[in-house]
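The block underneath contains the structure these notes are about, expressed in structure tokens.
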Amino acid sequence: MRIFDPHIHMTSRTTDDYARMSAAGVRAVVEPAFWLGQPRTNPGSFTDYFDSLLGWEPYRAAQFGVVHHATIALNPKEANDPRCRPVLDLLPRYLDKDRVVAVGEIGYDSMTPEEDDAFERQLALAVEHALPALVHTPHRDKARGTRRTLEVVAASGIAPERVVIDHLNEVTIELVHGSGCWAAFSIYPETKMSPPRMVEILRRYGLERMLVNSAADWGVSDPLLTLETAEAMLKAGFDEDDVDKVFWRNPVEFYGQSGRLDLSAVAGADEPTFAGSSIKRGGE
């Protein structure tokens with residue numbers, strides 16, 4: 001089994017986690033820029049963080065045979081802090097980097113006017129830099145936040161197939177399904193989604209434009225819940241090709257739209273080339 005975790009915060013994890021993930025079949029990850037738990041007080045702390053995501057973390061992952069890409073953004077929570085908003089002016093220089101495969105995480109935390117502005121500006125940057133967008137939906141008032149998210153995405157002019165709406169559940173998938181956007185789900189031990197609930201959603205809504213991730217941040221989380229969900233799919237009657245679609249081909253298709261996804265270091269990846277993508281392979 002090969003696994004591509006499309007949203008996982010490895011900055012919060014240890015090298016033991018990388019070793020466990022590699023042994024479990026995790027061959028590639030995308031790490032979105034996010035809130036680190038401790039509020040940052042100046043743009044310089046973001047530049048150091050972004051540099052780590054694009055330099056140190058890919059090196060650390062490679063020691064365990066895991067290919068690492070990142071998404072870069074000012075996250076919704078810190079978009080409310082006036083000390084952090086100048087980060088928006090720093091983003092273009094990072095969005096041109098080879099290992100950046102999307103703008104994200106962007107979207108909503110508390111649905112403030114400041115978050116509206118940062119969301120709209122960063123969607124515009126995604127269009128300008130020809131990148132997909134990874135959108136965070138709020139933990140509170142999630143249905144209203146998801147509806148507002150879809151309105152902002154529609155008004156931005158970005159193609160919906162270049163947007164993934166993340167942290168969905170049984171209520172909010174109803175809003176996103178059929179919108180043209182990708183739907184993503186974070187599997188956690190105690191909150192958000194569980195493997196059995198995820199299997200039921202896949203059974204009901206199908207496998208197209210579906211992403212499943214572990215997120216695995218600094219809270220109670222588990223970077224192997226992708227594997228547990230894949231195994232739950234098999235036990236529920238999905239076949240190996242279904243699992244491969246959800247846990248490999250779908251994230252390759254979505255992030256391949258960036259033209260920067262490089263899986264040449266993954267042995268036996270045999271990644272397909274999808275319409276609109278430019279995926280780098282060995283020898284190219």
What pair of heavy atoms forms the shortest contact from [X] to [Y], and how long is it?
{"X": "Phe46", "Y": "Cys84", "result": "CE1-SG, 3.7 Å"}
{"X": "Pro92", "Y": "Asp89", "result": "CD-O, 3.6 Å"}
{"X": "Glu105", "Y": "Thr71", "result": "N-OG1, 4.0 Å"}
{"X": "Val212", "Y": "Val246", "result": "CG2-CG1, 3.7 Å"}

Does any part of the side chain of [Y], heavy atoms only, come nearer than 4.5 Å to the side chain of [X], both counted from C-beta?
{"X": "Glu57", "Y": "Val29", "value": "no"}
{"X": "Leu95", "Y": "Ile72", "value": "yes"}
{"X": "Asp109", "Y": "Arg140", "value": "yes"}
{"X": "Arg197", "Y": "Phe185", "value": "no"}

So, [X] side chain and [Y] main chain: donor-acceptor pair closer than 3.5 Å or not?
{"X": "Gln257", "Y": "Phe254", "answer": "yes"}
{"X": "Glu31", "Y": "His68", "answer": "no"}
{"X": "Arg85", "Y": "Asn80", "answer": "no"}

Same cluster for Leu131 and Leu90 if Ile/Leu/Val/Met/Phe/Trp/Tyr side chains link at under 4.5 Å? no

Can you tell me if [X] and [Y] form a side-chain donor-acceptor pair at under 3.5 Å?
{"X": "Asp48", "Y": "Ser45", "value": "no"}
{"X": "Asp262", "Y": "Ser264", "value": "yes"}
{"X": "Ser186", "Y": "His167", "value": "yes"}
{"X": "Tyr108", "Y": "Arg148", "value": "yes"}

Atom pair CG/NE2 of Leu36 and His9 - distance to nearest 0.5 Å: 9.5 Å

Atom pair CZ/CE of Phe64 and Met21 - distance to nearest 0.5 Å: 10.5 Å

Mind checking what makes side-chain hydrogen bond (donor to acceptor under 3.5 Å, both in side chains) contact with His129, not counting sequence neighbours? Asp96

ring-ring contact (aromatic ring centres under 6.0 Å, His included) against His69, all qualifying residues, sequence neighbours excluded: none

Any cation-pi pair here, Arg40 with Tyr49, using under 6.0 Å and within 45°? yes

Check this for me, if you would: do Lys245 and Asp242 make a salt bridge, where the nitrogen-to-carboxylate-oxygen distance has to be below 4.0 angstrom? no

Below 4.0 angstrom, N of the basic side chain to O of the carboxylate: do Arg204 and Glu170 qualify? no

May I ask you to list the residues sharing a hydrophobic cluster with Trp56, side-chain cutoff 4.5 Å, ordered by chain and number? Tyr59

